[in-house]
Amino acid sequence: MSPHRSPTAPPRSFLWSRRIFLTLLTGFVLVPVHVMVSSSLKPLADVTGEFRWLPTELTIRPYIDIWSTVPLGRYFVNSLIVAGAATVCSVVIAVFSAYAVSRYSFRGKRVFTVTVLSTQMFPGILFLLPLFLIYVNIGNATGVALFGSRGGLILTYLTFSLPFSIWMLIGYFDSVPRDLDEAATVDGCGPLGALFRVVVPAAAPGIVAVAVYAFMTAWGEVLFASVMTNDTTRTLAVGLQGYSTLNDVYWNQIMAASLVVSVPVVAGFLLLQRYLVAGLTAGAVK
């Protein structure tokens, strides 16, 4: 053993195995990104021709053409509105629901929590036809257009994100000591005051995680968005198919559009992830 090596240090074989594994994992992740970036900077003829790791001719034309080939800006706005509204509604409803389950006893409480959790066992495609029929019948009976509208898509995404959000926040709220609620009550806060002044700040990591989950679920969903939307309410996940026509597939524009629409989401996720990790390491009681 080397005199400068600590006796508690891991063996060298483990260190080298870890380095090799991390190198392979990094390559596995970065190679597709490199192909996307390089393909987005190639003319279409180079992309459809013989594959080369480095483009022989660089061009930014695909990043300009993506806005005119399909109405990418409209799709981006639709996705932002639908995902943002679904996230806000999911977080607000989940906070009140989880607080009621965590802090109060009522008849059917166990049945409610089991039902909420059991909805995650079913694949989403089972709800496609029932929701379609419900939206069409509501539109015919009341004139409220849920099918083909942003509001109908927001309600659809709530059926996916709400059960998980409620179930996750119940666990976070249960971890917040009830003594904090009692202290807030002594200071003159009511139930809502204790919720927003004490419980919500202490459970901030869970709320951020729920918000990220709800947003990502709505942002990248394809199945329901392809059925429940029309030309004016189409989202990005479905709108990217417009770069594929009967005559050709604009691979360079698809890659460019995918990178453009991914940058804001990835940047926002990384920003929230930093606060999420910092919040997970902080205790509720200082």
Side-chain angles (χ1 to χ4, degrees), residues 66 69-98 101 108 111-170 209-246 249-250 254 257-258 261-262 264-265:
I66 57 176
T69 303
V70 301
L72 188 65
R74 184 174 64 197
Y75 297 158
F76 186 88
V77 172
N78 289 337
S79 292
L80 195 61
I81 293 175
V82 170
T87 300
V88 172
C89 293
S90 180
V91 169
V92 172
I93 298 174
V95 165
F96 285 104
S97 301
V101 173
V111 175
F112 173 77
T113 55
V114 173
T115 302
V116 166
L117 185 59
S118 62
T119 57
Q120 300 298 299
M121 298 188 305
F122 302 99
I125 195 172
L126 291 179
F127 302 100
L128 180 60
L129 181 58
L131 284 175
F132 173 79
L133 295 176
I134 290 172
Y135 288 174
V136 171
N137 291 330
I138 290 177
N140 294 334
T142 64
V144 178
L146 293 178
F147 176 73
S149 66
R150 296 170 179 167
L153 198 58
I154 293 170
L155 290 176
T156 301
Y157 291 154
L158 284 178
T159 62
F160 302 148
S161 59
L162 260 182
F164 176 82
S165 301
I166 294 173
W167 177 75
M168 186 173 182
L169 285 183
I170 289 174
V210 164
V212 171
Y213 168 79
F215 186 86
M216 298 304 294
T217 299
W219 185 266
E221 202 278 327
V222 177
L223 176 62
F224 285 83
S226 62
V227 177
M228 299 293 187
T229 59
N230 52 34
D231 292 338
T232 58
T233 59
R234 191 164 294 158
T235 58
L236 280 171
V238 182
L240 291 178
Q241 299 176 3
Y243 294 105
S244 176
T245 64
L246 294 176
V249 179
Y250 301 100
I254 292 177
S258 300
V261 302
S262 298
V265 179

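Scope of the values below: all heavy atoms of this structure, side chains included, with no hydrogens, waters or symmetry mates.
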*Verify, without hydrogens or angle tests, whether Ser226 (side chain) and Leu223 (backbone) share a donor-acceptor contact under 3.5 angstrom.*
yes
*Polar side chain donor-acceptor pair, Tyr135 to Ser149, under 3.5 angstrom*: no
*asked:* Less than 4.5 Å apart, side chain to side chain, heavy atoms only: is that true for Val88 and Phe215?
replied: no
*So which heavy atom on Cys89 is nearest to which on Leu158, and how close?*
CB-CD2, 3.9 Å
*Drop me the distance from Thr235's OG1 to Ile81's CD1, to the nearest 0.5 angstrom.*
12.0 Å
*Identify the two heavy atoms, one from Trp219 and one from Val261, that lie closest to each other, and give their separation to 0.1 Å.*
CZ2-O, 3.8 Å
*Check whether the side chains of Ser165 and Ser90 place a donor and an acceptor atom closer than 3.5 Å, and report yes or no.*
yes
*Check whether any side-chain N or O of Thr233 sits under 3.5 Å from a backbone N or O of Asn230 as a donor-acceptor pair, and report yes or no.*
yes
*Taking atom CD1 of Ile125 as the centre, report whether more than 12 heavy atoms of other residues, nucleotides or ligands fall under 6.0 Å from it.*
no
*Measure the spacing between CG of Leu146 and CG of Leu155 and express it to the nearest 0.5 Å.*
6.0 Å
*Specify whether Phe147 and Phe132 have parallel, tilted or perpendicular ring planes, treating 30° as the upper limit for parallel and 60° as the lower limit for perpendicular.*
perpendicular
*Write down the atom of Ala257, the atom of Leu240, and the distance for their closest heavy-atom approach.*
CB-CD2, 3.7 Å
*Walk me through it: do Phe127 and Thr159 pass the test side-chain contact (heavy atoms from CB on, under 4.5 Å)?*
CA-CA 9 Å; Phe127 302 100; Thr159 62; 5.9 Å; no
*Is it true that the side chains of Asn78 and Arg150 contain a donor and an acceptor less than 3.5 Å apart?*
yes
*How many angstroms lie between CG in Leu133 and CG in Leu128, if you round to the nearest 0.5 Å?*
9.5 Å
_Minimum-distance pair of heavy atoms, taken over all atoms of Asp231 and Tyr75_ = O-CE2, 4.2 Å
*asked:* Within this structure, what is the OG1-CE distance for the pair Thr87 and Met216, rounded to the nearest 0.5 Å?
replied: 10.0 Å
*asked:* Let me confirm one number: the CD-CD1 distance from Gln241 to Ile254, rounded to the nearest 0.5 Å.
replied: 9.5 Å
*Closest approach of Leu169 and Ala98, non-hydrogen atoms and distance?*
CB-CB, 3.5 Å
_Has Thr217 got a side-chain atom pairing as donor or acceptor with Ser161's backbone, closer than 3.5 angstrom?_
no
*Is a side-chain donor or acceptor of Thr69 paired with a backbone partner of Ile66 at a separation under 3.5 angstrom?*
no
*asked:* Within the 4.5 Å heavy-atom criterion, are Tyr243 and Val70 side-chain neighbours or not?
replied: yes
*Please walk me through it: do Phe112 and Val101 pass side-chain contact (heavy atoms from CB on, under 4.5 Å)?*
CA-CA 9 Å; Phe112 173 77; Val101 173; 3.6 Å; yes
*Which pair of heavy atoms, one from Ala94 and one from Leu162, lies closest together, and at what distance?*
N-CD2, 4.0 Å
*Rounded to the nearest 0.5 Å, what's the gap from CD1 on Ile138 to CG on Leu131? Could you check?*
9.5 Å
*Under the side-chain hydrogen bond (donor to acceptor under 3.5 Å, both in side chains) test, residues paired with Tyr157 that sit two or more places apart*: Glu221
